[in-house]
Amino acid sequence: MRKYRILVINPRAAVTEIALYENEVPIIVDDLHHDYNKLLEFSSIVAQYKYRSDEILSYLVNKGINLSKLAAVCGRGGLLKPIDGGTYSINATMQEELFAQTRGEHPSNLGALIAYEIAEHLEIPSYIVDPVVVDEMDDIAKISGYPSITRKSVFHALNHKATGRRAAMELGKKYEEAHLIIAHLGDGITIGAHANGKVIDVNNGLNGEGPFSLERCGTLPHGDLVDLCYSGKFTYEEMKHQLLYHSGVKSYLSKAPEGSFDIEEELGKRDNPNILIYEALAYQIAKEIGSASTVLFGKVDAIILTGELAFSNHFVKLIMERVNWIADIMIYPGENERQSLAEGVLRVLRKEERPKEYGEREE
């Protein structure tokens, strides 16, 4: 079998996650921590792309990596216009939109820019795979009930698609033939109905829809929310920040932990006064899975639980006991973003699928 070396880049706020793969096997997996004060010198996040690409190249050279052996470079996709799932060649249109930050500023916007910068000098292709803006929702699923608001597809597309392909393979099917319900359970929670290779309905995990999560509120009674917004307690910016970062599980805890916490350990403490909150989280997730089953007319090949919370046996059991009547449940804990990006590029290099061109949306 031919061997392909793929460089994978996943930018975060002050860190760039990188990995070098030879086919599916990681050769290097590391996080490059950047000088925070240096990053502050740039006028915008996207202006950091050259600095970060130089840091990556310097790191690889110091590791003794022969860059001429690279077959492709892949970056995490950023805030682009809604697109179908798949692997996309990084083209001029994509770069122009990311530089302009027309759909928002976020470190993920750097992924494609850095990947292209490195690949261009090596005269090899560059790609992104299944960014968060993947939108395959049926038209009927976009109707909100209020004409000025359309339901939007914003979810953990990369992990959803990767685990969907893995589960379908274990079921002896192609992903394009399977009906799956996939629940990504992390700091954000998104639950999607996958039908024949498309995510035809999914909750918006960023702007408050579906179950609450560790830090986000999920769906709220809109009358009470409107009253709170106009109560004078919060400015517009403060209200948005409350709903995104100071809601969910942590907002209920008498002493909110800093950073992440071990939900498995928390659920193991039967005298824990917060048990009801954790059980409510599992309850809302199960209810959303049940809702997704109706989207698929009850024809579900499997339910997949993935993300960091899927490591907790106690938490998974709380969900399973409510939904295992729908279909068999498959557990894939964690979220290996770098591996998923590499696999997306491998499918293209092996000609198992064709790369898509940004700006040419399929109908």
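FYI, side chains are in, hydrogens and waters are out, and symmetry mates aren't considered; it's all heavy atoms of this structure.
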**Complete:** Closest non-hydrogen atoms of R338 and A19, given as atom of the first, atom of the second and distance, are CD-CB, 3.7 Å
**Request:** Tell me, with the steps shown, if R354 and T87 meet side chain to side chain contact (heavy atoms under 4.5 Å, CB included).
**Result:** CA-CA 8 Å; R354 296 180 62 183; T87 300; over 6 Å; no
**Prompt:** Should side-chain heavy atoms under 4.5 Å link Ile, Leu, Val, Met, Phe, Trp and Tyr, which residues sit in the same cluster as V345?
**Reply:** Y4, I6, V8, Y21, Y127, V129, L158, L341, L346, V348, L349
**Request:** May I ask you to decide whether R12 forms a salt bridge with E337, counting only side-chain N to carboxylate O separations under 4.0 Å?
**Result:** yes
**Prompt:** Judged by atom type as modelled, is there a donor-acceptor pair below 3.5 Å linking the side chain of H156 to the main-chain atoms of H184?
**Reply:** no
**Message:** Under the side chain to side chain donor-acceptor pair (under 3.5 Å) definition, can you give me all pairs with a residue in residues 60-73, not counting sequence neighbours?
**Reply:** N66-S68
**Message:** So, taking the atom named CG in D130 and the one named CZ in R165, what distance separates them when rounded to the nearest 0.5 Å?
**Reply:** 5.5 Å
**Message:** Is there a side chain to side chain contact (heavy atoms under 4.5 Å, CB included) between M94 and N91? Walk through the geometry before answering.
**Reply:** CA-CA 5 Å; M94 184 186 297; N91 60 18; 3.4 Å; yes
**Asked** Tell me, do L281 and I277 make a side-chain contact under 4.5 Å, heavy atoms counted?
**Response** no
**Message:** What I want to find out is whether E136 reaches K161 closely enough, with some N-O distance under 4.0 Å, to be called a salt bridge.
**Reply:** yes
**Electrostatic pair E41:K38 at N-O distance under 4.0 angstrom** = yes
**Prompt:** Would you call K317 and E321 a salt bridge, using N to O less than 4.0 angstrom?
**Reply:** no
**Complete:** Value for NZ (K173) from CG (D301), rounded to nearest 0.5 Å, stands at 3.5 Å
Kindly list each side-chain donor-acceptor pair under 3.5 angstrom involving residues 200-214, sequence neighbours excluded, with atom names and distances?
from	atom 1	to	atom 2	distance (Å)
D201	OD1	R151	NH1	2.9
D201	OD1	R151	NH2	3.4
N203	OD1	I191	N	2.6
N203	ND2	I189	O	3.0
N203	ND2	E209	O	3.0
N204	OD1	L206	N	3.0
N204	OD1	N207	N	3.0
E209	OE1	R151	NH2	3.4
E209	OE1	N204	N	2.7
E209	OE2	R151	NE	2.6
E209	OE2	R151	NH2	3.4
S213	OG	D187	O	2.9
S213	OG	R216	N	3.2

**Asked** Considering only heavy atoms from C-beta outward, does the side chain of L20 approach that of L70 to under 4.5 Å?
**Response** yes
**Asked** Side-chain heavy atoms under 4.5 angstrom apart, residues restricted to Ile, Leu, Val, Met, Phe, Trp, Tyr: same cluster for I56 and I28?
**Response** yes
**Asked** Taking only residues two or more places apart in sequence or in another chain, which ones pass salt bridge (Lys or Arg N to Asp or Glu O under 4.0 Å) with E352?
**Response** none
**Message:** I want to check something: taking the side chain as every heavy atom from C-beta on, are T16 and E55 in contact at a cut-off of under 4.5 Å?
**Reply:** no
**Request:** Kindly write out the residues that satisfy salt bridge (Lys or Arg N to Asp or Glu O under 4.0 Å) with E238, not counting sequence neighbours, or none if the list is empty.
**Result:** none
**Request:** Heavy atoms only: give me the nearest R322-Y283 pair and the separation to one decimal.
**Result:** CZ-CD1, 3.5 Å
**Request:** Flag the pair H194 / V199 as yes when at least one side-chain heavy-atom distance between them is below 4.5 Å, and no otherwise.
**Result:** yes
**Request:** Please name all residues satisfying side chain to side chain contact (heavy atoms under 4.5 Å, CB included) with I329, sequence neighbours left out, ordered by chain then number.
**Result:** I303, L305, M320, V323, N324, I331
**Message:** Between L79 and V132, does the side chain to side chain contact (heavy atoms under 4.5 Å, CB included) criterion hold? Intermediate values first, please.
**Reply:** CA-CA 7 Å; L79 300 177; V132 295; 4.2 Å; yes
**Request:** Say whether I275 and I263 are linked into one hydrophobic cluster, either directly or through other cluster members, by side-chain heavy-atom distances under 4.5 angstrom.
**Result:** yes
**Prompt:** Counting only N and O atoms by type, is there a donor-acceptor contact under 3.5 Å from the side chain of E97 to the main-chain atoms of T102?
**Reply:** no
**Request:** If you link ILVMFWY side chains whenever their heavy atoms are less than 4.5 Å apart, which other residues fall into the same cluster as L276? By chain and number, please.
**Result:** none
**Asked** Taking only residues at least two apart or on different chains, which pairs with a member in residues 285-343 satisfy ring-ring contact (aromatic ring centres under 6.0 Å, His included)?
**Response** none
**Prompt:** Looking only at heavy atoms, what is the nearest atom pair of G334 and T306, with distance?
**Reply:** O-OG1, 3.1 Å
**Item:** Main-chain N/O of D54 paired with S58 side-chain donor or acceptor, under 3.5 Å
**Value:** no
**Message:** If I take atom SG from residue C74 and atom CD1 from residue I114, how far apart are they, to the nearest 0.5 angstrom?
**Reply:** 12.0 Å
**Prompt:** Do the side chains of R103 and P82 get nearer than 4.5 Å, heavy atoms only?
**Reply:** yes
**Message:** Does this structure show an ion pair linking D135 with K142, if we count only N-O contacts that are shorter than 4.0 Å?
**Reply:** yes
**Request:** Show your working on side chain to side chain contact (heavy atoms under 4.5 Å, CB included) between Y278 and N272 and close with a plain yes or no.
**Result:** CA-CA 10 Å; Y278 302 127; N272 190 330; 4.1 Å; yes
**Message:** Give me the atom names and distance for the closest heavy-atom approach of A112 to I128.
**Reply:** CB-CG2, 3.7 Å
**Fill in**
Closest non-hydrogen contact found for A292 with A193 is O-CB, 4.1 Å
**Asked** Do E24 and R350 sit within salt-bridge range, that is, some charged N less than 4.0 Å from a carboxylate O?
**Response** yes
**Prompt:** Who else is in L243's hydrophobic cluster (ILVMFWY, side-chain heavy atoms under 4.5 Å, direct or via others)?
**Reply:** L220, L225, L228, F234, M239
**Request:** Taking the side chain as every heavy atom from C-beta outward, state whether K198 and D84 have any pair of such atoms under 4.5 Å apart.
**Result:** yes
**Message:** Using modelled atom types and a 3.5 Å cut-off, is there a donor and acceptor pairing between side-chain atoms of R52 and backbone atoms of V15?
**Reply:** yes
**Asked** With no hydrogens and no angle check, is any side-chain donor or acceptor of T163 less than 3.5 Å from a backbone partner on H160?
**Response** yes
**Prompt:** Taking all non-hydrogen atoms of both residues, which atom of L267 and which atom of S312 are closest, and how far apart?
**Reply:** CD1-OG, 4.2 Å
**Prompt:** Tell me, which pairs form a ring-ring contact (aromatic ring centres under 6.0 Å, His included) where one or both residues lie in residues 22-77, sequence neighbours left out?
**Reply:** H34-Y51, F42-Y51, Y49-F99
**Asked** Linking I/L/V/M/F/W/Y whenever any side-chain heavy atoms sit under 4.5 Å apart, do L98 and L39 land together?
**Response** no
**Item:** Separation between CD1 of I289 and CD1 of I304, rounded to the nearest 0.5 Å
**Value:** 10.0 Å
**Fill in**
Output for pair (D31 CG, N10 CG), nearest 0.5 Å, gives 9.0 Å
**Asked** Who else is in Y230's hydrophobic cluster (ILVMFWY, side-chain heavy atoms under 4.5 Å, direct or via others)?
**Response** V226
**Complete:** Distance col, row E117:CD vs K50:NZ, nearest 0.5 angstrom, shows 5.0 Å
**Request:** Under the side chain to side chain contact (heavy atoms under 4.5 Å, CB included) rule, collect the residues that match up with E105, sequence neighbours excluded.
**Result:** S44, I45, Q101
**Asked** Is the number of heavy atoms from other residues, nucleotides or ligands under 6.0 Å of L40 CG greater than 12?
**Response** yes
**Message:** For a 4.5 angstrom cut-off between non-hydrogen side-chain atoms, does L7 reach L60?
**Reply:** yes
**S293 side chain reached by I181 side chain, heavy atoms, under 4.5 Å** = yes
